[in-house]
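Right, one structure below, let's go through it.
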Amino acid sequence: MKQKLDILEIIGLARLHELFSYYPNSGQLIWKIDLGGMAKAGVVAGNLKRVGYRQIKVDGKNLYAHRIAFYMFHGRLPVGGQVDHLNGSKADNRVENLWEVTNREKGKNKKKPKNNASGVVGVSWAARAAQWVAKIQVDGNYKHLGYFDDFDEAVKARKAAEKDLGFHHNHGKR
């Protein structure tokens, strides 16, 4: 069975270089040509979307700027299938901030959810037990790390599990 081509492979590296200049130190993709009302040469390409990513319409397809930037800089698509932002800023497409990851690795570099009440990912108050509980999610499965009378002990257990499981040092901090 043939592997499905990525949309960037279909558009092609030559076409992207025809349309954009990529500046790896700033992370900006600048239009090289005018495309009527869609694009103007010399202008930063795309728009920031509500989810934080910069999206660019290329040949009728909506693409993410970080994937275009990675492809243009490296001349290949990411081996792991995903491009992640090391510092968590989805609009920061500097080459030093982009790294190729698998879906599993990407899950180990997530920001702290907005609804997190304890301030630490994976640590929460268990009212029924009247204790702090620590847990960690790996490959879609939760692993219970224990109940703790002391918040700091629960945090210590969670951080130790993150380290043991190879989570990124930025995980849960942003």
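Residues passing the salt bridge (Lys or Arg N to Asp or Glu O under 4.0 Å) test with K57, sequence neighbours excluded: none. The side chain to side chain contact (heavy atoms under 4.5 Å, CB included) search around I7 returns I10, I11, K61, L63, not counting sequence neighbours. Under the rule for a side chain to side chain contact (heavy atoms under 4.5 Å, CB included), the partners of Y23 that lie at least two apart in sequence or sit in another chain are S21, S26, I30. Residues that satisfy the side chain to side chain contact (heavy atoms under 4.5 Å, CB included) test with A69, not counting sequence neighbours, are Y22, L98. For E96, the side chain to side chain contact (heavy atoms under 4.5 Å, CB included) partners two or more places apart in sequence, or in a different chain, are R94. For R67, the salt bridge (Lys or Arg N to Asp or Glu O under 4.0 Å) partners two or more places apart in sequence, or in a different chain, are D6. Scored by the ring-ring contact (aromatic ring centres under 6.0 Å, His included) test, Y147 finds H144 as partners (sequence neighbours excluded). When the salt bridge (Lys or Arg N to Asp or Glu O under 4.0 Å) test is applied to D34, no partner is found at least two apart in sequence or on another chain.
Rounded to the nearest 0.5 Å, atoms CG (N97) and NE2 (H66) are 10.5 Å apart. Atom-to-atom distance recorded for E162:CD and D164:CG is 10.5 Å, nearest 0.5 angstrom. If you take CG on L19 and CG on L29, they are separated by 10.5 Å, rounding to the nearest 0.5 Å. Between I136 atom CD1 and K159 atom NZ the span is 9.0 Å, to the nearest 0.5 Å. With rounding to the nearest 0.5 angstrom, the CG atom of L8 is 6.0 Å from the CG atom of L16.
Applying the salt bridge (Lys or Arg N to Asp or Glu O under 4.0 Å) test to every pair with at least one member in residues 18-27, sequence neighbours left out, gives these pairs: R15-E18. Judged as a salt bridge (Lys or Arg N to Asp or Glu O under 4.0 Å), not a single pair has a partner in residues 125-137 (not counting sequence neighbours).
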Donor-acceptor pairs under 3.5 angstrom involving side-chain atoms of residues 35-53: please list them, not counting sequence neighbours.
none

Can I get a per-line list of side-chain donor-acceptor pairs under 3.5 Å for residues 70-82, giving both atom names and the distance, sequence neighbours left out?
from	atom 1	to	atom 2	distance (Å)
R76	NH1	E100	OE1	3.1
R76	NH1	E100	OE2	3.3
R76	NH2	E100	OE2	2.7
Q82	OE1	K106	NZ	3.4
Q82	NE2	N103	OD1	2.8

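The two atoms that bring A154 and A134 nearest to each other are O-CB, 3.6 Å, heavy atoms only. Contact record, F20 with K32: O-CE, 3.1 Å, taken as the closest heavy-atom pair. Between L145 and A157, the closest heavy-atom pair is CD1-O, 3.9 Å.
For the pair R158 and V121, the minimum side-chain heavy-atom distance is below 4.5 Å.
Outside the 6.0 Å centre-distance limit, the rings of W132 and F148 are not counted as a close aromatic pair.
Judged by distance alone, the side chains of N93 and H85 do bring a donor and an acceptor atom under 3.5 Å apart.
Side-chain N or O atoms of N116 include one that pairs as donor or acceptor with a backbone N or O of V120 at under 3.5 Å. At least one donor-acceptor pair closer than 3.5 Å links the side chain of S118 to the backbone N or O of V123.
Taken together through direct or relayed side-chain contacts under 4.5 Å among Ile, Leu, Val, Met, Phe, Trp and Tyr, Y64 and I68 form parts of separate hydrophobic clusters. Cluster membership check: I56 shares its hydrophobic cluster with V83, using side-chain heavy-atom separations under 4.5 Å among Ile, Leu, Val, Met, Phe, Trp and Tyr.
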